[in-house]
Amino acid sequence: MQEPAAAYSVAEGGGASVLAYLHAGSALERDHMVRGGFEPASLDAFASRFSRSGRSLAQLLGVAPATYDRRVREGKPLSQDDSDRIARLIEAERAAIRVFGDEDAARQWLASPVPVLEGAVPISLLATTPGHQAVMNALRRIMAGTAA
């Protein structure tokens with residue numbers, strides 16, 4: 001299999017920038033970035049959208065604080081699995097913005113207890129694939145008008 005011709009916005013430490021992921025032109029480009037891992041320091045700018053640091057957002061998504069700190073200290077990208085958790089949040093944020101039509105409302109929904117999710121906070125569910133599916137299903141139900 002041939003490697004993609006482009007380096008896809010790889011940061012100095014070898015990882016992809018979270019902000020570059022936000023502007024990626026294709027699913028394959030996003031896949032390449034996740035597989036290569038996100039540069040941990042690039043998470044801070046994205047995390048500020050949720051009034052968090054990159055470290056606290058990563059921890060909420062299941063990245064061990066010691067792992068995050070070590071990756072930052074060593075200048076190494078996050079693992080594929082840890083980067084995938086961050087990508088799930090980005091995709092959930094995009095879907096919530098489409099549903100609510102407003103970035104602030106979408107982020108508030110993602111960070112607040114939601115009755116249709118049995119009172120769980122959506123962002124805290126994104127650490128697992130089933131949790132991500134539950135959040136996306138809730139957003140689809142809201143869009144269809146079948147959930148509060």
Do the side chain of [X] and the main chain of [Y] share a donor and acceptor less than 3.5 angstrom apart?
X    : Y    : value
E29  : G25  : yes
S83  : S79  : yes
R85  : A127 : yes
R30  : L22  : no
R71  : P77  : yes
D44  : S53  : no
N137 : Q133 : yes
S17  : A20  : yes
S42  : V18  : yes
S112 : W109 : no

Looking at side-chain heavy atoms only, is the closest gap between [X] and [Y] below 4.5 Å?
X    : Y    : answer
L78  : Y68  : yes
L89  : I123 : yes
V121 : V114 : no

To the nearest 0.5 Å, how far apart are [atom1] in [X] and [atom2] in [Y]?
X    : Y    : atom1 : atom2 : value
L125 : L60  : CG    : CG    : 9.5 Å
R98  : R140 : CZ    : CZ    : 10.0 Å
R52  : Q59  : CZ    : CD    : 9.0 Å
E74  : D69  : CD    : CG    : 11.0 Å
I86  : E91  : CD1   : CD    : 13.0 Å

How close do [X] and [Y] get, counting heavy atoms only, and between which atoms?
X    : Y    : result
P113 : G119 : CB-O, 3.3 Å
V72  : P40  : CG2-CB, 3.5 Å
A92  : M136 : CA-SD, 3.9 Å

Among residues two or more places apart or on two chains, list those pairs meeting side-chain hydrogen bond (donor to acceptor under 3.5 Å, both in side chains) that have a residue in residues 115-132. R88-T129
Apply ring pair (Phe, Tyr, Trp, His ring centres under 6.0 Å) to Y21 and list each qualifying residue two or more places apart in sequence or on a separate chain. F38
Could you check whether atom CD of Q108 has more than 12 heavy atoms from other residues, nucleotides or ligands sitting under 6.0 Å from it? no
Using a strict threshold of under 4.0 Å (side-chain N to carboxylate O), is an ion pair present between D31 and R35? yes
So does R49 pair up with E93, basic N to acidic O under 4.0 Å? yes
Are I97 and L139 joined in one hydrophobic group, where the rule is that I, L, V, M, F, W and Y side chains link up if heavy atoms are under 4.5 Å apart? no
